[in-house]
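The block underneath contains the structure these notes are about, expressed in structure tokens.
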Amino acid sequence: AADAALYEVKRTGRNGFAFHHEGLNILTRERARQEAQLREALQSNALELHYQPRISLKDGRITGVEALVRLRIDGKLVFPDEFISIAEDTGLIHDLSRWVLREACRQCKVWQDGPLRDVLVAINMSPMRLRQPDLSREIADVLAEYDLEPKRIEFEITETMLATATQECGEQIRELSKLGFKLSLDDFGTGFSNLAYLRKLPIDTLKIDRSFVSMSEGDMTIASAIIGLGGSFGKSIVAEGIETREQEQALMKLGCDEGQGFLYSRAVCAAEIEDMFDLVSAP
Ligand code: C2E
Ligand code: MG
Ligand code: MG
Ligand code: MG
């Protein structure tokens, strides 16, 4: 009987181990597959930039676009939530970000020389990029190569990054601002950042996180507070994730400057942005 009990323990023990082992294996394999897919995408030029328009809540015009990266795998789009964190963990974020910057600049130049002369192109910047000491010079070189004015480009930095910002990150942000780039704080309101940063850093714009815009139409208390706060610091305010006219109306009443969201458009390819622009600016 004792032998039988011992045998039972060993058996379940081994099974338990095998189960966990198998579970880990699946995770590791999935991760490895995603990493390989990303590496391959970077090499085979399978990245795409899509653009979501940013609308003035004062006059309804398109003021700019946000560049949002996608992977095109077997004809299907893969969204950044599935690969940005892998890119950050593996260091591939640097190559990916360089590609995004060049592609956004190339497109911005085409637009600047055409009918979308004044359009601002906003680019999301990974916190990891800001830790690279020569970042601002690298960016300035790309701008010069495309013969583009820095004021056409805005870098979106997540507010959460400020919570862990080092001295160097602050220096990079100041350097980019000195060079003439615009800077915004993305997902604002979710990061619990030290508000003193609003005074210390040359941030132009606060982007109110979608969760405060779309949670319920009647309750915009936090959005309202951010608009008030931003206003008193002289920042312009963009609301992310506007999906309904009611939300738009409420934000207009609160004095929000710009909006972005599915109400206007999802992120679309550059040609579709041009069509949209023709419609809006047609006499
Ligand atoms: P984000 O910068 O806050 O971008 C806004 C996200 O919300 C986008 O998702 C956009 O498609 C989505 N969105 C816009 N309007 C609405 C709306 O009305 N309703 C809803 N439900 N969603 C809306 P996307 O493109 O999947 O990007 C997710 C995140 O990935 C971005 O959040 C950004 O943090 C990151 N990301 C995107 N492109 C890049 C990039 O080139 N570099 C880096 N480092 N991160 C990027
Ligand atoms: Mg963004
Ligand atoms: Mg955001
Ligand atoms: Mg986000």
Side-chain angles (χ1 to χ4, degrees), residues 38 41-42 46-55 57 62 64-72 76-108 120-132 135 139 142 153-162 182-191 193 203-217 222-223 226 237-248 251 256 258-269 272-273:
L38 183 58
L42 279 164
L47 294 173
E48 286 182 21
L49 269 193
H50 287 196
Y51 302 89
Q52 186 181 37
R54 205 155 115 174
I55 309 293
L57 293 181
I62 301 178
V65 295
E66 176 174 0
L68 294 159
V69 70
R70 279 95 179 79
L71 294 187
R72 174 80 65 179
K76 279 200 240 86
L77 285 183
V78 181
F79 289 85
D81 286 342
E82 281 189 46
F83 59 84
I84 290 291
S85 72
I86 292 169
E88 288 176 333
D89 291 349
T90 53
L92 289 170
I93 191 68
H94 296 287
D95 281 348
L96 184 142
S97 302
R98 286 189 190 104
W99 182 86
V100 168
L101 177 68
R102 299 193 90 86
E103 179 56 16
C105 286
R106 189 196 61 72
Q107 187 58 63
C108 185
L120 181 81
V121 176
I123 299 173
N124 291 284
M125 182 177 279
S126 163
M128 281 189 72
R129 295 292 287 159
L130 281 174
R131 298 199 187 101
Q132 191 180 292
L135 180 74
I139 292 176
V142 174
I153 304 288
E154 178 172 289
F155 291 107
E156 299 190 1
I157 302 160
T158 50
E159 190 209 0
T160 19
M161 102 129 300
L162 292 187
K182 297 255 163 51
L183 292 156
S184 61
L185 288 183
D186 205 352
D187 304 344
F188 194 81
T190 60
S193 72
I203 302 292
D204 302 282
T205 300
L206 307 182
K207 299 191 77 177
I208 306 174
D209 189 71
R210 197 169 77 214
S211 58
F212 305 123
V213 171
S214 59
M215 56 179 169
S216 89
E217 283 146 26
I222 295 178
I226 294 173
I237 312 288
V238 180
E240 302 191 279
I242 301 180
E243 293 184 353
T244 69
R245 282 287 165 214
E246 289 72 21
Q247 291 161 357
E248 180 192 53
L251 288 156
C256 187
E258 292 167 72
Q260 232 180 293
F262 293 169
L263 175 64
Y264 311 106
S265 170
R266 288 168 190 267
V268 295
C269 66
E272 283 181 72
I273 288 288

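All ligand and atom numbering here is 1-based and tracks the order in the structure. Computed from heavy atoms alone, side chains included, the values below leave out hydrogens, waters and symmetry copies. These numbers were taken from a predicted model, which means no experiment stands behind them.
- Residue D186 touches ligand 1 through its side chain alone, judged by heavy-atom distances below 4.0 Å.
- Minimum interatomic distance between I208 and A223 (heavy atoms only, all atoms of both residues): CD1-O, 4.0 Å.
- With a 4.0 Å cut-off on non-hydrogen atoms, S126 touches ligand 1 through its backbone as well as its side chain.
- For Q247 (side chain) and T244 (main-chain N/O), a donor-acceptor pair under 3.5 Å exists by modelled atom type.
- Residue contacts with ligand 1, taken as heavy atom pairs separated by less than 4.0 Å, do not involve L49 at all.
- With a 4.0 Å cut-off on non-hydrogen atoms, N124 touches ligand 1 through its backbone as well as its side chain.
- Ranked by closest heavy atom to atom 7 (O) of ligand 1, the top entry among E82, R210, E66, K207 is R210.
- E66 has its closest N, O or S atom to the Mg ion (ligand 2) at the position named OE2.
- For V69, heavy-atom contacts with ligand 1 shorter than 4.0 Å involve the backbone as well as the side chain.
- No donor-acceptor pair closer than 3.5 Å links the side chain of E103 to the backbone N or O of W99.
- Atoms CD1 and CG, on I123 and L49 in that order, are 8.0 Å from each other to the nearest 0.5 Å.
- Within the 4.0 Å heavy-atom cutoff, A267 does not count among the residues contacting ligand 1.
- With salt bridges taken as basic N to acidic carboxylate O contacts below 4.0 Å, one links R72 and E48.
- Side-chain contact check for S265 and Q52: no donor-acceptor pair (N or O, by modelled atom type) lies under 3.5 Å.
- The Mg ion (ligand 2) has N124 among its coordinating residues (N/O/S atom, backbone or side chain, under 2.8 Å).
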Check your understanding: Do Y264 and E248 pass the side chain to side chain donor-acceptor pair (under 3.5 Å) test, and can you show the C-alpha distance, the side-chain angles, and the key distance before you say yes or no?
Key -> CA-CA 10 Å; Y264 311 106; E248 180 192 53; 2.8 Å; yes
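- Neither the backbone nor the side chain of Q260 comes within contact range of ligand 1; no heavy atom lies under 4.0 Å.
- Ligand 1 lies less than 4.0 angstrom from a heavy atom belonging to R70.
- Residue-level proximity to ligand 1 for R129 is absent, since no heavy atom of it falls below 4.0 angstrom.
- Residue-level proximity to ligand 1 for H50 is absent, since no heavy atom of it falls below 4.0 angstrom.
- The line from CD1 of I242 to CD of E258 is 10.0 Å long, rounded to the nearest 0.5 Å.
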Practice item. Take F83 and L96 through the test side chain to side chain contact (heavy atoms under 4.5 Å, CB included) and record every step on the way to the result. Key: CA-CA 10 Å; F83 59 84; L96 184 142; 3.9 Å; yes
**Study point:** Worked check of side chain to side chain donor-acceptor pair (under 3.5 Å) between S184 and E154
**Key:** CA-CA 7 Å; S184 61; E154 178 172 289; 3.0 Å; yes
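- Note on E240: counted as a metal contact of the Mg ion (ligand 3), an N/O/S atom lying under 2.8 Å.
- Remark: side-chain polar atoms of S126 are paired, donor with acceptor, to backbone N or O of M128 under 3.5 angstrom.
- Electrostatic pairing of K207 and E66 counts as a salt bridge here, judged by a charged N lying under 4.0 Å from a carboxylate O.
- The two atoms that bring E240 and D209 nearest to each other are OE1-CA, 3.6 Å, heavy atoms only.
- Counting heavy atoms only, F262 comes closest to atom 18 (O) of ligand 1 of the residues F83, F79, F262.
- Atoms of ligand 1 found under 4.0 Å from any heavy atom of V100, numbered from 1 in the order shown, are 41 (O).
- Within the 4.0 Å heavy-atom criterion, the part of D81 lying near ligand 1 is the side chain and not the backbone.
- Within E156, OE1 is the N, O or S atom that lies nearest to the Mg ion (ligand 2).
- When the Mg ion (ligand 3) is compared with the N/O/S atoms of D187, atom OD1 turns out nearest.
- Below 4.0 Å from some heavy atom of Q52 lie the following atoms of ligand 1, by number and element: 14 (C), 15 (N).
- Restricting D186 to its N/O/S atoms, the shortest distance to the Mg ion (ligand 3) is reached by OD1.
- Ligand 1 places these atoms under 4.0 Å from at least one heavy atom of G261: 15 (N), 18 (O).
- T190 places a side-chain N or O within donor-acceptor distance of the main-chain N or O of D187, the cut-off being under 3.5 Å.
- Close approach of ligand 1 to E243 is summarised as follows: ligand atoms under 4.0 Å from at least one heavy atom of the residue are 17 (C), 18 (O), 19 (N), 20 (C), 21 (N).
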